[in-house]
Student: 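Sharing a structure below in structure tokens format, with a few things to ask.
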There are 2 protein chains.
Amino acid sequence: MGVHVTYHHGNLRKELLDRAAIVIADQGIDALSLRALARDLGVSHAAPSRHFKDRATLLAALATEGHQRLTDALNTAADAVGDDPVARYNALGCEVIRFALRNPAYFSAIHHPEVQRHSARALEEARVAYGETVRAAAAAAQAAGWHPDEDLETLVIFSSATALGAANMLIDDHADAHLTEAELNDLAAKIIRRVIPASTKEL
Amino acid sequence: MGVHVTYHHGNLRKELLDRAAIVIADQGIDALSLRALARDLGVSHAAPSRHFKDRATLLAALATEGHQRLTDALNTAADAVGDDPVARYNALGCEVIRFALRNPAYFSAIHHPEVQRHSARALEEARVAYGETVRAAAAAAQAAGWHPDEDLETLVIFSSATALGAANMLIDDHADAHLTEAELNDLAAKIIRRVIPASTKEL
DNA sequence: CCTTCGAAGTTGTCATTGACAACATAAAAG
DNA sequence: CTTTTATGTTGTCAATGACAACTTCGAAGG
């Protein structure tokens with residue numbers, strides 16, 4: 001009688017994260033509710049607590065995954081432009097903005113204040129890995145002649161700040177929806193070129 | 001007997017905003033609760049609703065005030081460095097970061113997504129006034145020789161993005177509390193100098 | 001095998017919150 | 001004076017996060 005197709009969902013953790021990403025992407029991070037998530041997936045209101053102690057923990061998991069994906073995306077983008085360290089760092093900047101626009105949920109989870117303080121092991125590691133990817137690329141660009149007289153720390157903060165700020169601003173503009181994806185990419189490229197040229201030759 | 005010192009609080013709107021700024025500054029914008037605010041000020045839980053229809057409306061009011069104060073601060077900072085348009089725009093950048101660090105509540109209200117969409121008359125006007133202040137200063141700097149070949153729009157976005165991103169990053173670092181105010185100011189100045197030099201002579 | 005034990009889901013409950021409605025009072029306008 | 005109107009108050013509701021106690025499934029070891 002009771003056709004218990006699945007008492008155990010089997011895969012809830014992953015589906016919670018995926019669904020959360022969708023909800024955040026189109027309703028914003030504040031609209032994320034654990035109970036609503038549970039309803040969407042057809043489980044009871046307390047089921048999520050088996051996987052995430054609370055809202056902040058779920059967001060931290062999203063941020064961790066976001067950091068990993070972002071780091072991967074950056075490496076891929078850099079490799080796609082070849083060996084020139086300046087071109088590679090330029091590509092990193094562009095990719096940060098593109099990633100933010102394509103993955104608003106990961107991006108906002110990464111930078112959400114509630115998550116910033118939440119320090120879990122996995123999250124810390126993902127953060128560090130990301131930071132080192134950026135730092136190493138910046139150091140290589142500097143060694144290739146990019147602002148040789150400025151200290152590396154300042155350059156990293158400067159370029160990260162520009163990419164971060166640009167991503168935020170473009171996400172807002174995107175919401176107002178009067179820019180195509182191509183236009184956004186062009187604009188991003190122009191902005192990053194103010195930070196670092198697209199190749200060593202232009203230095 | 002009933003010593004009704006004040007049934008009418010007299011000044012609730014302003015005190016709500018002030019108290020909200022304090023709460024946000026040290027607990028973050030998510031921790032802001034209308035009921036807690038009411039308790040703090042010794043009024044009933046529904047009193048705030050006479051002045052702000054809901055949480056978003058209160059935040060919008062904070063953002064409006066924030067925009068006005070920021071605009072004033074920018075004008076003051078620019079005037080303090082004299083007539084050189086390049087120096088003035090550099091001062092604007094530094095002041096944005098300083099303002100963000102000194103007024104985290106206004107700053108986060110201004111950029112909170114829940115507020116971005118909330119479009120009230122007063123807020124729109126404050127936003128426009130701020131935008132024009134920045135845009136005019138950028139145009140003047142360009143006329144004085146700053147990146148004469150780039151389009152103004154890109155330059156405005158680039159410089160705003162850097163200031164915005166730097167403010168966000170430094171606020172986070174500030175929370176980790178291993179930077180003095182003087183160090184933060186120095187770092188901010190160094191970052192902004194990557195955007196625009198401190199005077200026309202250095203162009 | 002079969003049994004027990006732990007991981008994953010469920011129901012039930014509580015305090016907190018935002019939102020709203022109905023009521024009360026102070027202060028100003030007539 | 002009296003009437004209105006802004007401002008506070010009490011009462012209530014539905015939604016939520018958090019927690020506790022109970023259930024069920026599946027796997028690991030005897």
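Computation of the quantities below employed the complete heavy-atom set of this structure, encompassing side-chain atoms and omitting hydrogens, waters and symmetry-equivalent molecules. Per chain, numbering begins at 1; letters A, B, ... match sequence-line order.
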Student: Write down the distance between CG (B/Leu58) and C1' (C/dG18), rounded to a whole number of angstrom.
Tutor: 13 Å
Student: Is A/Arg135 salt-bridged to A/Glu132, cutoff N-O under 4.0 Å?
Tutor: no
Student: Output the rounded distance in Å from CD (B/Gln27) to P (C/dT17).
Tutor: 11 Å
Student: Parallel, tilted or perpendicular: which one describes the rings of B/Tyr130 and B/His67, with boundaries at 30° and 60°?
Tutor: tilted
Student: Go through the steps to decide whether A/Arg102 and A/Glu181 satisfy the test salt bridge (Lys or Arg N to Asp or Glu O under 4.0 Å), and finish with yes or no.
Tutor: CA-CA 10 Å; A/Arg102 297 171 70 89; A/Glu181 188 171 326; 3.6 Å; yes
Student: When you compare the side chain of B/Tyr89 with that of B/Pro197, does any pair of heavy atoms fall below 4.5 Å?
Tutor: no
Student: Run the salt bridge (Lys or Arg N to Asp or Glu O under 4.0 Å) test against A/Asp54 and tell me which residues pass, sequence neighbours left out.
Tutor: none
Student: Assign a letter to each nucleotide of nucleotides 12-18 of chain D from its 5' end: B, base within under 4.0 Å of a protein heavy atom; S, sugar-phosphate only; -, no contact.
Tutor: B---BBB
Student: In whole Å, what is the span from the CZ atom of A/Arg50 to the P atom of D/dA20?
Tutor: 11 Å
Student: Could you state the atom-to-atom distance from CZ of A/Phe52 to C1' of D/dC19 in whole Å?
Tutor: 18 Å
Student: Rounding to an integer number of Å, can you tell me how far A/Asp30 CG sits from C/dT17 P?
Tutor: 16 Å
Student: Output, in order, the C-alpha distance, side-chain angles, deciding distance and verdict of salt bridge (Lys or Arg N to Asp or Glu O under 4.0 Å) for A/Glu202 and A/Arg193.
Tutor: CA-CA 10 Å; A/Glu202 301 170 30; A/Arg193 220 175 290 130; 5.3 Å; no
Student: Please state how far atom CZ in A/Arg13 lies from atom C1' in C/dG9, giving the value in whole angstrom units.
Tutor: 17 Å
